[in-house]
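Below is one structure; the comments refer to it alone.
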Amino acid sequence: MGKKYWLIKSEPNAYSIDDLVKDKRTHWDGVRNYQARNFMRDEMKTGDKILFYHSNANPPAVVGVCEVVKEAYPDFTAFDSKDKHYDPKSKKENPTWMMIDIQIIEKLNRPVTLEEIKQNPKLKNMRLVKRGNRLSVMPIEKTEFNEILKMSNR
DNA sequence: GCCAACGTTGGC
DNA sequence: GCCAACGTTGGC
């Protein structure tokens with residue numbers, strides 16, 4: 001039951017690390033990609049560590065660390081016709097989409113930019129730097145997690 | 001704002 | 001089941 005490590009993306013316009021610092025804890029709703037859903041539903045466990053990444057940002061960067069505090073349960077925003085992430089195909093009896101709860105651990109002293117990550121040979125296998133990757137929830141290695149934390153303290 | 005990469009949809 | 005059309009993501 002080894003702890004797993006993850007990276008999740010968020011557009012800071014929609015929900016930033018500062019929002020998470022303010023809220024302390026939030027539900028990670030709105031994921032509408034099956035692969036990302038499967039990671040949340042099947043593999044993300046309480047206590048797993050997560051890098052929080054700002055996408056569509058200037059610059060795009062890892063900006064914080066958080067952890068899973070509640071394992072997968074139905075994403076209720078899919079049931080709400082007024083919600084941006086409404087999905088009429090997801091039924092309450094058999095929900096298509098799931099979410100988890102996360103809690104802040106820390107905002108990084110210094111963001112670790114995508115550019116720096118690309119330049120670090122130790123991080124060349126991360127999905128984040130692979131061509132065309134658009135997954136908003138992805139697994140990472142413990143060594144990669146630790147390396148990025150190290151970079152933020154440089 | 002552009003556009004490549006990718007996922008989803010729907011006609012056939 | 002194929003695949004063109006379309007929508008979205010996300011770096012630049």
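Just so it is clear, the model here is predicted, and its values are computed rather than measured. So you know, we letter chains A, B, ... as the sequences are listed, proteins then strands, and number each from 1.
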Just how far, in rounded Å, is P of C:dG11 from CD1 of A:Ile117?
10 Å
Quick one: do A:Lys9 and A:Met138 satisfy side-chain contact (heavy atoms from CB on, under 4.5 Å)? Show the steps, please.
CA-CA 9 Å; A:Lys9 299 178 182 174; A:Met138 67 180 77; 3.8 Å; yes
Can you check whether A:His85 reaches A:Asp75 side chain to side chain, under 4.5 Å on heavy atoms?
no
Considering only nitrogen or oxygen atoms on both sides, find all protein atoms under 3.5 Å from nucleotides 3-8 of chain C and state each distance.
from, atom 1, to, atom 2, distance (Å)
C:dT8, O2, A:Arg134, NH1, 2.9

Filter on ring pair (Phe, Tyr, Trp, His ring centres under 6.0 Å), then keep only pairs touching residues 15-51 of chain A, sequence neighbours left out; what's left?
A:Trp6-A:Phe39, A:His27-A:Phe76, A:Trp28-A:Phe52, A:Tyr34-A:Trp97
Of A:Asn56 and A:Gly132, whose closest DNA chain B nucleotide lies nearer the 5' terminus?
A:Asn56
From NZ of A:Lys118 over to P of C:dG10, roughly how many Å is that when rounded to an integer?
13 Å
Atom-to-atom span, CD of A:Glu115 to P of C:dG10 - whole angstrom:
18 Å
Under 4.5 Å between any side-chain heavy atoms of A:Leu20 and A:Ile102, yes or no?
yes
Closer than 4.0 angstrom, basic N to acidic O: yes or no for A:Glu115 and A:Lys118?
no
Please report, rounded to the nearest Å, how far the P atom of C:dT9 is from the OH atom of A:Tyr34.
15 Å
Show the atom names and distances, to 0.1 Å, of all donor-acceptor pairs under 3.5 Å that link a side chain in residues 40-47 of chain A to residues at least two apart or in another chain.
from, atom 1, to, atom 2, distance (Å)
A:Arg41, NH2, A:Asn38, OD1, 3.3
A:Thr46, OG1, A:Glu71, OE2, 3.2

Between P on C:dC12 and CG on A:Asn58, what's the gap in Å once rounded to a whole number?
11 Å
Rounded interatomic separation in angstrom, taking CD from A:Glu11 and C1' from C:dG11
12 Å
Output the rounded distance in Å from NE2 (A:His54) to P (C:dG11).
12 Å
Please confirm whether the shortest side-chain N or O distance from A:Lys9 to OP1 or OP2 of C:dG10 is below 4.0 Å.
yes
Rounded distance (Å) that lies between atom C1' of C:dG10 and atom OH of A:Tyr53:
8 Å
Less than 4.5 Å apart, any side-chain heavy atom of A:Val65 and any of A:Ile50?
no
Please state whether the phosphate of C:dG10, meaning OP1 or OP2, lies under 4.0 angstrom from any side-chain nitrogen or oxygen of A:Lys130.
no
